[in-house]
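Just so you know, residue 1 is the first one in the sequence shown, and it goes up from there. All values reported here derive from a predicted model rather than from experimental measurement.
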Amino acid sequence: MLIDNFYEVVSLETANTNQHTALVRLNTSHEVFKGHFPNNPVMPGICMIQIIKELSEEILKYELFMEQVLNVKFMTLINPEKCNELTFSLQIDEVDGAVKVKSAIDFEGAVALKMSSTYKKK
């Protein structure tokens with residue numbers, strides 16, 4: 001897991017074999033938010049990317065190693081004090097030994113991140 005007690009998976013649903021949705025609740029009192037940034041907490045982008053990897057591992061039931069991020073767009077800041085529940089949408093496809101993940105994070109109708117990434121089994 002990313003960092004002890006940073007987030008919890010509230011629900012994880014599979015719509016079909018490769019479409020998944022997870023509701024994640026952030027721990028608003030976590031130390032990460034005290035340093036990033038004092039008096040104006042913002043969820044670090046690397047934490048978003050790591051949660052996507054961890055959710056993908058949970059779905060696939062094996063560990064992954066990130067090989068490539070083809071496209072990542074940070075579109076809206078996430079302030080955990082204003083909204084601590086995030087929806088992660090994942091499309092996971094296994095192609096020629098690679099795991100390709102198209103993902104998005106949204107909250108309250110706003111898209112915070114869109115990303116396409118490629119992993120391999122660890």
Side-chain angles (χ1 to χ4, degrees):
M1 187 177 237
L2 175 65
I3 302 170
D4 289 338
N5 203 26
F6 183 70
Y7 72 96
E8 69 173 305
V9 178
V10 176
S11 66
L12 180 58
E13 299 175 6
T14 299
N16 61 43
T17 57
N18 69 342
Q19 300 285 334
H20 312 275
T21 304
L23 179 62
V24 170
R25 184 175 300 128
L26 302 174
N27 175 357
T28 58
S29 63
H30 197 278
E31 290 294 316
V32 165
F33 297 119
K34 292 176 184 166
H36 196 273
F37 295 96
N39 301 318
N40 187 24
V42 176
M43 183 164 175
I46 192 65
C47 293
M48 294 180 223
I49 292 170
Q50 182 65 23
I51 292 171
I52 290 167
K53 176 184 175 280
E54 291 177 9
L55 289 170
S56 298
E57 289 174 329
E58 187 172 335
I59 291 162
L60 295 169
K61 306 294 187 221
Y62 55 80
E63 289 186 44
L64 296 170
F65 176 81
M66 181 179 277
E67 285 192 313
Q68 186 176 35
V69 174
L70 301 170
N71 189 18
V72 63
K73 293 180 184 176
F74 296 99
M75 303 168 82
T76 302
L77 295 175
I78 299 171
N79 179 333
E81 291 177 348
K82 293 182 180 175
C83 182
N84 72 330
E85 290 191 341
L86 309 172
T87 301
F88 286 71
S89 301
L90 305 162
Q91 177 184 323
I92 302 174
D93 296 297
E94 296 183 68
V95 180
D96 298 328
V99 176
K100 297 185 181 281
V101 180
K102 288 184 183 178
S103 52
I105 303 172
D106 63 78
F107 63 96
E108 297 179 342
V111 177
L113 172 142
K114 287 186 177 183
M115 182 174 80
S116 295
S117 50
T118 304
Y119 302 87
K120 67 178 180 179
K121 273 188 183 181
K122 238 181 177 183

Output the distance between atom CG (D106) and atom OG (S89), rounded to the nearest 0.5 Å.
5.5 Å

Residues two or more places apart in sequence or in another chain: which of them pass side chain to side chain contact (heavy atoms under 4.5 Å, CB included) with N40?
N79

Parallel, tilted or perpendicular: which fits the ring planes of F6 and F33, with parallel below 30° and perpendicular above 60°?
parallel

Atom CD of E54 and atom CD1 of I59: how far apart are they, to the nearest 0.5 Å?
12.0 Å

Using a 4.5 Å side-chain heavy-atom cut-off and chaining through intermediate ILVMFWY residues, the residues clustered with F37 come out as V42, L77

Report the C-alpha separation of L60 and E94 in whole Å, then their side-chain angles, then the decisive distance to 0.1 Å, and conclude whether the side chain to side chain contact (heavy atoms under 4.5 Å, CB included) test is met.
CA-CA 10 Å; L60 295 169; E94 296 183 68; 3.7 Å; yes

Could you work out, with ring-ring contact (aromatic ring centres under 6.0 Å, His included) as the rule, every residue matching H20, not counting sequence neighbours?
none

Do P44 and V32 make a side-chain contact, defined as non-hydrogen atoms from C-beta onward lying under 4.5 Å apart?
yes

Scanning both residues in full, the closest heavy-atom pair of M43 with I51 reads CE-CD1, 3.5 Å

Under 3.5 Å, which donor-acceptor pairs do the side chains of residues 115-122 form with other protein atoms, sequence neighbours left out?
unit_1	atom_1	unit_2	atom_2	d
S117	OG	Y119	OH	3.3

Once you round to the nearest 0.5 Å, how far does OG1 of T21 lie from CG of L12?
8.5 Å

Not counting sequence neighbours, which residues clear side-chain hydrogen bond (donor to acceptor under 3.5 Å, both in side chains) with Q68? List them please.
none

Heavy-atom check, side chain of I78 versus side chain of L26, under 4.5 Å:
yes

In chain order, what residues pass the side chain to side chain contact (heavy atoms under 4.5 Å, CB included) check against K73, with sequence neighbours excluded?
N71, M75

Side-chain heavy-atom pair L64, V101 within 4.5 angstrom cut-off
no

By side-chain hydrogen bond (donor to acceptor under 3.5 Å, both in side chains), which residues pair with E85, not counting sequence neighbours?
R25

Ignoring hydrogens, what is the shortest heavy-atom contact between N5 and H30? Give both atom names and the distance.
O-CD2, 3.5 Å

Sub-4.5 Å side-chain heavy-atom contact between T76 and E108:
no

What residues, two or more places apart in sequence or in another chain, satisfy salt bridge (charged side-chain N to carboxylate O under 4.0 Å, His left out) together with E31?
K34

Please report the shortest heavy-atom distance between N16 and T14, naming the atom on each side.
O-CG2, 2.6 Å

State yes or no: do V10 and I105 share one hydrophobic cluster built from I, L, V, M, F, W and Y residues joined by side-chain heavy-atom distances below 4.5 Å, directly or via other members?
no

Under the ring-ring contact (aromatic ring centres under 6.0 Å, His included) definition, can you give me all pairs with a residue in residues 40-80, not counting sequence neighbours?
none

Does any N or O in the side chain of N18 come within less than 3.5 Å of the main-chain N or O of D93, such that one atom is a donor and the other an acceptor?
no

With K100, which residues qualify under salt bridge (charged side-chain N to carboxylate O under 4.0 Å, His left out), at least two apart?
none

The single option from V24, V111, L23 passing side-chain contact (heavy atoms from CB on, under 4.5 Å) against T87
L23

Non-neighbouring partners of E57 that pass salt bridge (charged side-chain N to carboxylate O under 4.0 Å, His left out), sequence neighbours left out
K53

In short, P80 meets T28 closest at the heavy-atom pair O-CG2, 3.1 Å

Which residues pass the side-chain hydrogen bond (donor to acceptor under 3.5 Å, both in side chains) test with E81, not counting sequence neighbours?
none

